[in-house]
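In what follows, a structure is listed as structure tokens, so that the remarks can point back to it.
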Amino acid sequence: MTGTTGLTELLLSRIRDVADHPEPGVVFKDITPLLADPAAFAALTDALAEVAGSTGATKVVGLEARGFILGAPVALRAGLGFIPVRKAGKLPGATLSQAYDLEYGSAEIEVHAEDLSAGDRVLVVDDVLATGGTAEASLELIRRAGAEIAGVAVLMELGFLGGRARLEPALSGAPLTALLTV
């Protein structure tokens, strides 16, 4: 495959729209066909690993749950450590936590603080940037652990939900890379 046009076409061809999931009126972007295709999954991993390299990242953080699926192979391909950011109560031992607001209610995420240090530059990887709440909370959590933000990289940005605008102040100049924008 050559160039971004080929990558874009490949990725888009492997993402399935599921109408009315998880509720009526929502079109869910299902990435499981992409993950099931080894060529598409490898191309996605390579593209995100290139982002990790270009940002000077030393670690990759994956956001629960699909960010684990994408972030772990990206970290491996880029030769970096992988750190999971989990929903509250899922990690054993001492953690740092960060609460954030959702459209309806709130949520909390956690990380093992000892897995990040002052010398780390962290790339946050996830499947989708929607409203930006989880990504924004992860950036705060990473900074509280003493690390720097290298950037955020996602497979797909849902541009109509305004996540980029919400996230940009928290990025403090670090790049936000979306391989696809829908």
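Positions are given from 1 along the sequence.
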Any residue meeting side chain to side chain donor-acceptor pair (under 3.5 Å) with Ser117, in chain and number order, not counting sequence neighbours = Asp120
Please confirm whether the backbone N or O of [Y] pairs with a side-chain atom of [X], one donor and one acceptor, at under 3.5 Å?
X: Arg16; Y: Leu34; answer: no
X: His112; Y: Ile83; answer: no
X: Arg143; Y: Ala170; answer: yes
X: Thr95; Y: Val111; answer: no

Kindly determine whether Leu70 and Phe41 satisfy side-chain contact (heavy atoms from CB on, under 4.5 Å), including the steps that lead there.
-> CA-CA 9 Å; Leu70 302 184; Phe41 194 12; 4.1 Å; yes
Which ILVMFWY residues are connected to Phe28, directly or by a chain of links, through side-chain heavy atoms under 4.5 Å apart?
-> Val18
Partner of Thr8 under side-chain contact (heavy atoms from CB on, under 4.5 Å), picked from Leu10, Leu12, Thr5, is Leu12
Could you walk me through whether Leu76 and Val74 pass side-chain contact (heavy atoms from CB on, under 4.5 Å), step by step?
-> CA-CA 5 Å; Leu76 186 63; Val74 166; over 6 Å; no
Can you find a pair of side-chain heavy atoms, one from [X] and one from [Y], that are under 4.5 Å apart?
X: Leu129; Y: Leu158; answer: no
X: Ile31; Y: Leu155; answer: yes
X: Pro33; Y: Ile15; answer: no
X: Val26; Y: Asp20; answer: no

Interatomic distance, [X] atom [atom1] to [Y] atom [atom2] [nearest 0.5 angstrom]:
X: Leu167; Y: Arg164; atom1: CG; atom2: CZ; value: 8.5 Å
X: Thr58; Y: Glu148; atom1: OG1; atom2: CD; value: 8.5 Å
X: Asp127; Y: Asp30; atom1: CG; atom2: CG; value: 10.0 Å
X: Glu9; Y: Thr4; atom1: CD; atom2: OG1; value: 10.0 Å
X: Glu157; Y: Thr177; atom1: CD; atom2: OG1; value: 10.0 Å
X: Glu140; Y: Ile109; atom1: CD; atom2: CD1; value: 10.0 Å

So, for [X] and [Y], which heavy atoms are closest and what is the spacing to 0.1 Å?
X: Ala174; Y: Ile149; result: CB-O, 3.8 Å
X: Phe68; Y: Phe82; result: CA-CZ, 3.9 Å
X: Leu80; Y: Ala57; result: CD2-O, 3.4 Å
X: Ser97; Y: Leu141; result: C-CD1, 3.7 Å
X: Ala75; Y: Gly81; result: CB-O, 3.8 Å

Pair Tyr100-Thr134, side-chain donor/acceptor within less than 3.5 Å | yes
Is it possible for you to say whether Leu116 and Leu91 belong to one hydrophobic cluster, with membership spreading through side-chain heavy-atom contacts below 4.5 Å?
-> no
Stepwise side-chain contact (heavy atoms from CB on, under 4.5 Å) test for Leu123 and Val61 | CA-CA 6 Å; Leu123 178 68; Val61 154; over 6 Å; no
Inspect the contact between Lys29 and Asp17 and indicate whether a charged nitrogen and a carboxylate oxygen are less than 4.0 angstrom apart.
->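 Looking at Lys29 together with Asp17, the answer is yes, because their closest N to O distance falls below 4.0 Å.
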Should the pair Glu110-Arg86 be classified as a salt bridge under the 4.0 Å nitrogen-to-oxygen rule?
->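 Looking at Arg86 together with Glu110, the answer is no, because their closest N to O distance does not fall below 4.0 Å.
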Please step through side-chain contact (heavy atoms from CB on, under 4.5 Å) for the pair Gln98 and Glu108, ending with a clear verdict.
-> CA-CA 5 Å; Gln98 181 68 41; Glu108 191 172 357; 5.9 Å; no
State whether the number of non-hydrogen atoms from other residues, nucleotides or ligands found under 6.0 Å of Arg66 atom CZ is greater than 12.
-> no
